[in-house]
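Only heavy atoms go into these numbers, but all of them, side chains included; no hydrogens, no water, no symmetry mates. Remember, predicted model here, so these are calculated numbers, not experimental data.
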Number of protein chains: 2
Amino acid sequence: MTIDKSLLAGSTALLVLKLLESGDKYGYQMVEELRRRSDQTFELKSGTLYPLLHSLEQKGYIEAWEEDVGTARPRRYYHLTDSGRRQLAEKEDEWRTYAGAMFRVLEGGA
Amino acid sequence: MTIDKSLLAGSTALLVLKLLESGDKYGYQMVEELRRRSDQTFELKSGTLYPLLHSLEQKGYIEAWEEDVGTARPRRYYHLTDSGRRQLAEKEDEWRTYAGAMFRVLEGGA
DNA sequence: ATATAATATATCGACCATCTACTTATGTCA
DNA sequence: TGACATAAGTAGATGGTCGATATATTATAT
């Protein structure tokens, strides 16, 4: 099933921060890992990811370092900062609150 | 906790259709019921709801009828059509797929 | 030999959905 | 009198995603 793009809005930053929790990664790698970990549900587009990475870097949640990989275009690895780790915890909490409320409404909650 | 507005994007249409599943309702009533059923998590703004209702009506998912309630502005009740009911089932499936994928990523899924 | 796909990062304009702020109008309570 | 709840609505701003496009190298297939 293909999910509507607007459903993803607001979750992408959380997903990216979550991916970086388990170690430094570069953009292309995040797209692949996210697709794998979500069973093909999330197909992050490069036009979404790269601007997002830049904005997360500007906010100080992630830091970039480059790997000189010979002649090819160097990989830009991203590292989760302490501030980013706090932001991740907050966003994760927020998402669980949102999902909980959605379930309550969908289950015909009080 | 206040959730980010962009998290709600893509869920509002589903929520509105869901509310109408249990009976015809008017706009203001939906805002209230949604707030109640979500334990104050969802605060649908009128600037979001009314245009959304109009677009759902145009797509044939809901139908409006007016209640003449004396001198005050008449209430516009909305009714879920058969087409809307099918759309609701689809959107609900889609959301569960999305939420499932989110959980898998958040639980550090393989 | 040549074309295509995969790897890898990036920008730009279009699009869509929500929000804030504002408008109109009545009834109620202090 | 003034504020708040009820009730529906519009306009403009904002923010996030996408499609298209660009660039460059390597691997695979024809």
Undergrad: Should B:Thr48 be listed as having a side-chain N or O under 4.0 Å from OP1 or OP2 of C:dC19?
TA: yes

Undergrad: Are A:Trp95 and B:Phe103 near enough that their ring centres are under 6.0 Å apart?
TA: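 Under 6.0 Å, so yes.
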
Undergrad: If you draw a 6.0 Å radius around CD in B:Glu63, do more than 12 non-hydrogen atoms from other residues or ligands fall strictly inside?
TA: no

Undergrad: Thinking salt bridges, do B:Glu57 and B:Arg76 make one under a 4.0 Å N-O criterion?
TA: yes

Undergrad: Please state how far atom CG in A:Leu52 lies from atom P in C:dC12, giving the value in whole angstrom units.
TA: 17 Å

Undergrad: Rounded to whole Å, how long is the line connecting atom CG of B:Leu53 with atom P of D:dT10?
TA: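 Rounded to whole Å, this separation is 11 Å.
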
Undergrad: Can you identify which nucleotide, out of D:dA7, D:dG16, D:dG19, has its nearest atom closest to the A:Ala9 side chain?
TA: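 Shortest atom-to-atom distance from the side chain points to D:dG16.
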
Undergrad: Quick one: A:Lys59 NZ to D:dG15 C1', roughly how many Å, whole number?
TA: 10 Å

Undergrad: Quickly work out the A:Glu43 CD to D:dG19 C1' distance and round it to whole Å.
TA: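 So the two atoms are 15 Å apart, to the nearest Å.
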
Undergrad: What do you reckon, is CD of B:Gln58 surrounded by more than 12 foreign heavy atoms closer than 6.0 Å?
TA: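 For B:Gln58, atom CD is not crowded (no more than 12 foreign heavy atoms under 6.0 Å).
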
Undergrad: Could you state the NZ-P distance from A:Lys5 to C:dC15, rounded to the nearest angstrom?
TA: 10 Å

Undergrad: Calculate the interatomic distance between B:Asp4 atom CG and D:dG15 atom C1'; express it in whole Å.
TA: 10 Å

Undergrad: For the pair made of CZ in A:Arg35 and C1' in C:dT7, what is the distance, rounded to whole Å?
TA: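 It is 12 Å, rounded to the nearest whole Å.
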
Undergrad: Please pick, from C:dT9, C:dA8, D:dA5, the nucleotide with the shortest atom-to-atom distance to any side-chain atom of A:Arg75.
TA: C:dA8

Undergrad: For C:dT9, take OP1 and OP2 only and decide whether either is under 4.0 Å from a side-chain N or O of A:Tyr50.
TA: yes

Undergrad: A:Ser46 has a side chain; which of C:dT9, D:dG9, D:dT6 sits nearest to it?
TA: C:dT9

Undergrad: Using whole Å, what does the distance between atom P of nucleotide D:dA7 and atom NE2 of B:His54 come to?
TA: 16 Å

Undergrad: Select from B:Pro51 and B:Glu32 the residue whose nearest nucleotide in DNA chain D is closer to the 5' end of that strand.
TA: B:Glu32

Undergrad: Taking only the side-chain heavy atoms of B:Tyr26 (C-beta and beyond), determine which of D:dA8, C:dA10, D:dG9 contains the nearest atom.
TA: D:dA8

Undergrad: Reckon A:Lys45 has a side-chain N or O less than 4.0 Å from the OP1 or OP2 of D:dG19?
TA: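 Checking D:dG19 against A:Lys45, a side-chain N or O does come within under 4.0 Å of OP1 or OP2.
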
Undergrad: Please tell me if A:Thr12 has a side-chain N or O lying less than 4.0 Å from either OP1 or OP2 of D:dT17.
TA: yes

Undergrad: For the side chain of A:Tyr28, starting at C-beta, report the closest nucleotide among C:dT9, D:dA7, C:dC19.
TA: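 Closest nucleotide to the A:Tyr28 side chain: C:dT9.
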
Undergrad: Return the nearest nucleotide to the side chain of A:Ser6; candidates are C:dA17, C:dA6, D:dA7.
TA: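 My answer, after comparing the listed nucleotides, is C:dA17.
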
Undergrad: Describe the nucleic acid contact of B:Gly27 in one word from base, sugar-phosphate, nothing, applying a heavy-atom distance below 4.0 Å.
TA: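 It contacts sugar-phosphate atoms only.
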
Undergrad: Taking only Lys NZ, Arg NE, NH1 and NH2, and the carboxylate oxygens of Asp or Glu, determine whether A:Glu107 and B:Arg96 approach each other closer than 4.0 Å.
TA: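 Salt bridge: yes.
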
